[in-house]
Structures are given as C-alpha cells and as structure tokens.
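What you see below is based on every heavy atom in this structure, not just the backbone, and it leaves out hydrogens, waters and symmetry mates.
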Amino acid sequence: MALPSNKETPAAGSAESSAHGDVEALLTALHTWRAQHQAAALPHTSTPSGDRVTVCLRKRPMHALEAESIGSRTGTGEMEYDCITCVNPKLYFHQQEVAFGGVVTTNMTHKAMAVHHTFAEDTSNDEVYAAAVQPVVVAALRDGGDVTCLAFGQTGAGKTHTQKAIQASVAAEVFAGLGPRRCILSFFENCGDQCFDLFNKREKVALREAEDGVVQIIGLQELQVPDLPTLLQRLDQANQLRATHPTCSSPDSSRSHAFCILHLTDPTSSAPQCCLRIVDLAGSERRNDVYGHSPERVAETKAINWSLGCLKECIRLQHDRVHNPKLFVPYRRSKLTHLLKACLAGAMGARLVFLAHVSPMHSAKAHIRGTLDYTHQLLQTAAAERAPIKKSAGVARPDRWSKRQFAAWLTQLEEGQYADLVEYFQIDGLTMAHEWRVHLEERVEAAGGTRQQANEIYEAFHELLQRAKKAEAKTRTNTDLQRFKVKSKGFEVQIYE
C-alpha cells in the first residue's frame with residue numbers, strides 16, 4: 001500500500017528514509033493481510049430465534065482528513081493507520097507488536113472478536129437494518145413484545161447516523177404492518193440525573209418503578225401518529241431538538257442519551273402489545289478528548305462517562321446473575337441503567353440489539369478497546385442466557401429459579417406441550433413452590449388450559465423439587481461428614497501427641 005501522494009519521499013540513507021521504509025513495510029503487510037482474509041467474510045443471516053441479545057460491531061468510514069493522515073505520526077509518536085478490519089462475523093483489531101523494553105516493531109498482531117454481525121465501512125444503513133434489526137422488529141410486530149436497539153461507541157463513531165436511519169426504517173416497517181393498531185410516539189433525552197421531553201418544550205419528566213418492576217415515565221407526552229410522513233416529520237423534529245455541542249472529537253457531538261419509543265396498541269384486541277425502542281447513547285470520551293472544553297462540557301462528559309460506567313457494571317452483574325438469581329444488580333444507580341433495565345435483564349422476553357460503533361483510526365485505540373470490552377461483556381451475558389438450565393440441586397434448585405429459568409423449564413416440559421401457557425406464568429420458582437394447587441388450576445384455566453394440565457405441571461414441578469432437595473441434602477450430609485472426620489482426626493492428633 002503506497003503512502004499518500006502528497007507526502008514527499010525522504011532522501012535515501014537518512015533516518016527519516018528508514019522510518020519511511022518501516023511505514024511502507026507495515027502498510028504493505030496490512031494490505032496483504034486484508035487481501036488474504038476479507039474473502040472469508042460470511043453473508044449476513046438472521047440471528048437464531050433463541051438468541052434474546054443480538055451483538056453487532058460497525059466500523060465507521062474514514063474522513064478525508066483521516067485518510068490523508070495514514071502513515072503519519074501522531075502526537076505520541078505512533079504511526080496512524082486503519083487498525084480495524086471486518087470479516088463477518090469477526091472484527092480484527094490490528095496493532096503493532098511491542099518488543100522487550102517497549103520498542104514498537106513493524107510486526108502486526110491481529111486480534112479477533114466474533115459477534116453476531118460485523119459491518120465494514122462500505123456497509124449501507126439499509127444492510128445494517130436488514131441483517132440486525134429487521135428480524136426482531138418483524139417478530140415483535142407479529143407476536144408482540146419489547147425490542148430495544150441500542151447504539152454504543154465513542155464520540156464521532158457514527159452512532160447517531162446509524163440510529164436516524166434505523167428510526168426511518170422501523171417507521172416504514174411499522175406502518176407496513178400496522179393494521180388496526182394505533183402508533184404512539186414519545187421521544188425524550190437523558191442528561192445525567194434528569195430526563196427531558198423533546199415533544200413538550202423540554203419539560204422534565206420523572207421515572208417511577210411499578211410493582212411489577214416496569215419503569216414508567218411520568219409526565220411524558222405521547223403522540224398518536226396517523227401515517228408514515230407524520231411519523232418521519234416528528235422524528236426529525238425531535239432529533240433536531242436533542243442537545244448537541246461541538247467538541248474536540250466531533251463538531252456536532254450528542255451530549256445526551258436519546259430514547260425514541262414506539263408503542264403499538266389495539267384497544268379492541270387482547271393480542272400482545274408491541275413496544276419498539278431506539279436508543280442513541282452519548283459517546284464516551286477520555287481525558288485527552290476534553291482538553292480545552294468549557295466547564296459545562298467537562299461536567300457533561302463526567303455525567304456521560306458515569307452513566308456508561310454504570311451500564312457496563314450492570315451488564316457484567318447481569319451475566320453473573322444468570323447463574324446466581326439472588327445477585328443484586330444496581331440498575332437504579334443511574335437513570336440510564338434504570339431506563340434500560342427491561343432490555344438488559346430480559347424482563348418478559350425483551351429483546352436487545354446492541355450496535356457497537358468503532359473508529360477505524362489507530363489513534364482511537366483506547367476507545368476501541370473500551371468499546372470491545374463492553375461488547376465482550378454483553379456477549380458473555382448472551383452466551384450465559386443461551387446455556388442450558390440444569391435441573392440439579394444447588395443454585396438452580398427449582399424453588400430458586402428466576403422467572404426466566406422457570407419459563408424455560410415450562411417451555412421444554414413434555415416436549416413443549418405447555419409452551420402456549422408460558423406467557424401467563426411470569427412467576428419465579430419460589431412463587432411456584434408455594435402456589436396452591438387450586439390457584440394453579442385457576443391460573444391455567446384463565447390462560448385457556450385445563451385443570452388436568454395444571455395438575456400435571458404442579459406434579460412435575462414438585463417432583464423435580466423433591467429430587468433436588470434430596471440431592472442437596474445428600475451432598476450436605478457428605479460434606480458435614482467429611483468435615484467431622486477432619487475435625488476428629490485433628491482432635492485425635494492433639495490427644496496422642
């Protein structure tokens with residue numbers, strides 16, 4: 001790969017010429033690697049229906065000034081180059097090897113991360129929507145449920161560009177399959193500990209959590225939208241009202257987390273309702289990015305980074321909570337995580353599409369590592385949710401099951417014979433363990449089942465619970481016996497010393 005033509009070639013034999021040769025060799029090696037590996041990219045296919053979370057990575061195209069800087073040295077003396085390659089479903093992060101003593105070499109390492117979808121810089125917004133978002137939106141429009149499309153990444157990585165396009169695509173999808181339902185639109189932004197309604201002169205709104213754990217937004221204006229042109233006009237109006245300010249990283253940086261919510265309801269039908277959320281997070285920034293910012297911008301950056309840090313912690317703890325349902329996840333620590341609680345925790349089967357955005361430039365490597373770290377945490381959570389639920393004793397004992405674990409057990413019971421009743425069993429294992437048989441019969445009959453089915457579920461659950469308790473008691477007895485032997489042995493040693 002040749003250097004940009006506007007750079008002068010140094011004189012032969014000089015130190016600058018040697019450095020120029022190193023740059024040429026590194027860029028050529030990177031170009032050769034891409035030519036050998038990019039053909040292995042797989043076509044984008046729909047995510048398997050069993051995956052509640054879809055994790056994607058999108059690479060932003062280079063700007064003109066960035067393209068001109070390829071091969072130059074940054075302020076830290078490091079070489080600038082395109083360090084990201086997307087070979088679906090993998091993203092490769094290219095870095096120069098560092099030898100002993102911290103000496104940077106011209107050799108390259110190619111670290112890969114596999115997700116559901118990766119989108120290269122030449123991928124269009126329509127392709128992103130069709131591969132990652134459309135399958136879950138269509139399923140929600142057909143069957144009901146909650147879907148959240150969440151864009152994450154550093155400032156200037158292209159999140160807002162992607163989300164505006166997805167808003168338009170979702171709007172078209174909604175009115176193509178709306179039928180007799182009504183479309184209700186609301187749009188607000190979260191700035192630190194405050195939320196502002198963008199359809200009501202930026203009036204403050206409050207968050208309240210109902211008894212069932214659903215977070216409600218008090219005072220938020222909801223607009224019934226009659227047709228697609230009106231919806232697109234309202235979306236454009238809200239996006240223009242969103243808080244933005246120029247920063248060192250972007251001339252039009254979003255300084256808030258934006259929430260676009262579409263509710264589809266039909267008062268004449270008992271069919272499940274549909275809720276679609278398109279969330280554009282404010283960009284993460286590091287200390288070097290805020291140099292020269294005003295005190296107000298610095299305070300905004302602190303609030304943004306705090307909320308994003310809380311988000312990462314909740315994602316990590318949610319992964320641990322899959323194996324330990326009693327683990328507390330501090331969703332209320334920030335307004336952002338409180339608002340995202342349903343999609344992160346998977347309440348009522350809520351589905352999440354996570355679109356992580358990265359810059360292609362090596363000078364943004366710290367941001368890239370941070371974004372990939374968030375992505376890795378969410379991938380681990382998705383993998384843990386896909387793992388089969390054990391029926392043995394211990395933390396997975398039936399009366400310790402979460403709602404999700406109980407629903408999964410009921411779905412697979414008797415080869416799916418009771419799968420149609422799952423949505424009416426939003427209870428955890430402890431509630432089921434204390435449920436009276438007569439009350440269970442009433443619950444199943446209300447769901448369209450029979451008393452016989454209720455008794456079969458009751459017997460199957462309690463039989464499994466009794467086996468688990470016996471196994472746990474046996475394990476505890478063996479453990480106590482072993483401890484007794486150890487203590488007895490120690491006592492005997494003390495006597496006969």
Side-chain angles (χ1 to χ4, degrees), residues 146-153 155 159-160 163-164 166-167 170 183-225 231 234-245 247 252-263 265 275-285 296-315 329-345 347 350 352-355:
D146 286 9
V147 171
T148 300
C149 180
L150 184 66
F152 176 85
T155 298
K159 302 180 301 298
T160 303
Q163 292 299 70
K164 285 183 178 180
I166 288 178
Q167 288 174 9
V170 169
C183 178
I184 308 297
L185 171 66
S186 54
F187 210 127
F188 68 96
E189 66 178 358
N190 165 238
C191 304
D193 289 332
Q194 297 178 332
C195 295
F196 303 95
D197 188 349
L198 296 183
F199 286 145
N200 190 20
K201 302 178 181 179
R202 297 182 59 82
E203 288 291 326
K204 292 182 181 179
V205 295
L207 304 185
R208 297 289 185 271
E209 188 166 332
E211 293 181 359
D212 58 358
V214 176
V215 178
Q216 299 178 346
I217 306 169
I218 308 302
L220 183 63
Q221 190 172 90
E222 297 181 334
L223 306 178
Q224 182 173 345
V225 186
L231 176 55
R234 289 292 191 179
L235 290 173
D236 184 62
Q237 171 190 349
N239 283 315
Q240 290 182 9
L241 291 173
R242 186 181 175 191
T244 58
H245 292 284
T247 65
D252 193 26
S253 174
S254 300
R255 311 306 293 170
S256 67
H257 308 301
F259 287 74
C260 170
I261 305 176
L262 291 170
H263 279 284
T265 62
C275 180
L276 307 175
R277 298 180 181 86
I278 304 170
V279 183
D280 181 16
L281 298 181
S284 60
E285 292 181 330
E296 184 181 3
R297 298 288 84 76
V298 173
E300 288 173 350
T301 299
K302 288 181 179 179
I304 291 170
N305 288 345
W306 161 255
S307 61
L308 294 177
C310 293
L311 173 62
K312 182 178 181 180
E313 182 68 5
C314 287
I315 291 174
V329 182
Y331 285 111
R332 293 192 180 188
R333 184 172 292 176
S334 75
K335 287 292 190 294
L336 174 64
T337 51
H338 202 187
L339 288 163
L340 295 176
K341 176 181 177 181
C343 68
L344 294 176
L352 171 65
V353 179
F354 186 78
L355 293 172

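- A distance of 12.0 Å separates NE2 in His338 from CG in Asn190, rounded to the nearest 0.5 Å.
- Nearest heavy-atom pair across Lys159 and Ala282 is CE-C, 4.1 Å.
- For Thr337, the side-chain hydrogen bond (donor to acceptor under 3.5 Å, both in side chains) partners at least two apart in sequence or on another chain are Ser334.
- The distance from the CG atom of Leu344 to the CD1 atom of Ile315 is 6.0 Å, given to the nearest 0.5 Å.
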Report task. Just do the side chain to side chain contact (heavy atoms under 4.5 Å, CB included) check on Val170 and Cys260 with the steps written out, would you? Result -> CA-CA 11 Å; Val170 169; Cys260 170; over 6 Å; no

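- Taken to the nearest 0.5 Å, the CG atom of Leu150 stands 8.0 Å off from the CG atom of Leu336.
- In this structure, the separation between SG on Cys191 and CD1 on Ile304 is 8.0 Å, given to the nearest 0.5 Å.
- Between Arg277 and Leu340, every side-chain heavy-atom pair lies at or beyond the 4.5 Å cut-off.
- Atom-to-atom distance recorded for Lys204:NZ and Phe196:CZ is 5.5 Å, nearest 0.5 angstrom.
- Side-chain contact between Ile217 and Ser186: absent, with no pair of heavy atoms (C-beta onward) separated by less than 4.5 Å.
- Closest heavy-atom contact between Ser307 and His257: OG-NE2, 2.9 Å.
- The residues Lys341 and Glu209 are annotated as salt-bridged, a charged nitrogen and a carboxylate oxygen being separated by less than 4.0 angstrom.
- Under the 4.5 Å side-chain criterion, counting only non-hydrogen atoms from C-beta, Asn239 is not in contact with Thr160.
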Query raised in the report: Are Leu355 and Ile166 close enough, and set up right, to give a side chain to side chain contact (heavy atoms under 4.5 Å, CB included), and what steps lead you there?
Result: CA-CA 11 Å; Leu355 293 172; Ile166 288 178; 3.5 Å; yes

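- Using a 4.5 Å heavy-atom cutoff, the side chains of Cys343 and Asp146 are not in contact.
- In terms of modelled atom types and a separation under 3.5 Å, the side chain of Arg202 and the main chain of Leu241 share a donor-acceptor contact.
- Using a 4.5 Å heavy-atom cutoff, the side chains of Leu185 and Leu235 are in contact.
- Counting only heavy atoms from C-beta outward, the side chains of Arg333 and Trp306 approach each other to under 4.5 Å.
- Contact check for Leu220 versus Phe259: no side-chain heavy atoms found under the 4.5 Å cut-off.
- Side chains of Leu262 and Val225 form no contact here, defined as non-hydrogen atoms less than 4.5 Å apart.
- Of the inter-residue distances, the one linking Arg234 atom CZ with Leu231 atom CG reads 10.0 Å to the nearest 0.5 angstrom.
- Using the six-membered ring where Trp is involved, Phe199 and Phe187 have ring planes that are perpendicular, over 60° apart on the 30 and 60° scheme.
- The two residues Cys275 and His263 come nearest to each other via the heavy atoms SG-CE1, 3.3 Å.
- Here side-chain hydrogen bond (donor to acceptor under 3.5 Å, both in side chains) pairs that include residues 192-201, with residues two or more places apart or in two chains, number zero.
- Remark: the Asp280 side chain and the Gln167 side chain contain no N/O donor-acceptor pair separated by less than 3.5 Å.
- Judged by distance alone, with hydrogens and angles left aside, the side-chain atoms of Arg242 form a donor-acceptor pair with the main-chain N or O of Ser256 at under 3.5 Å.
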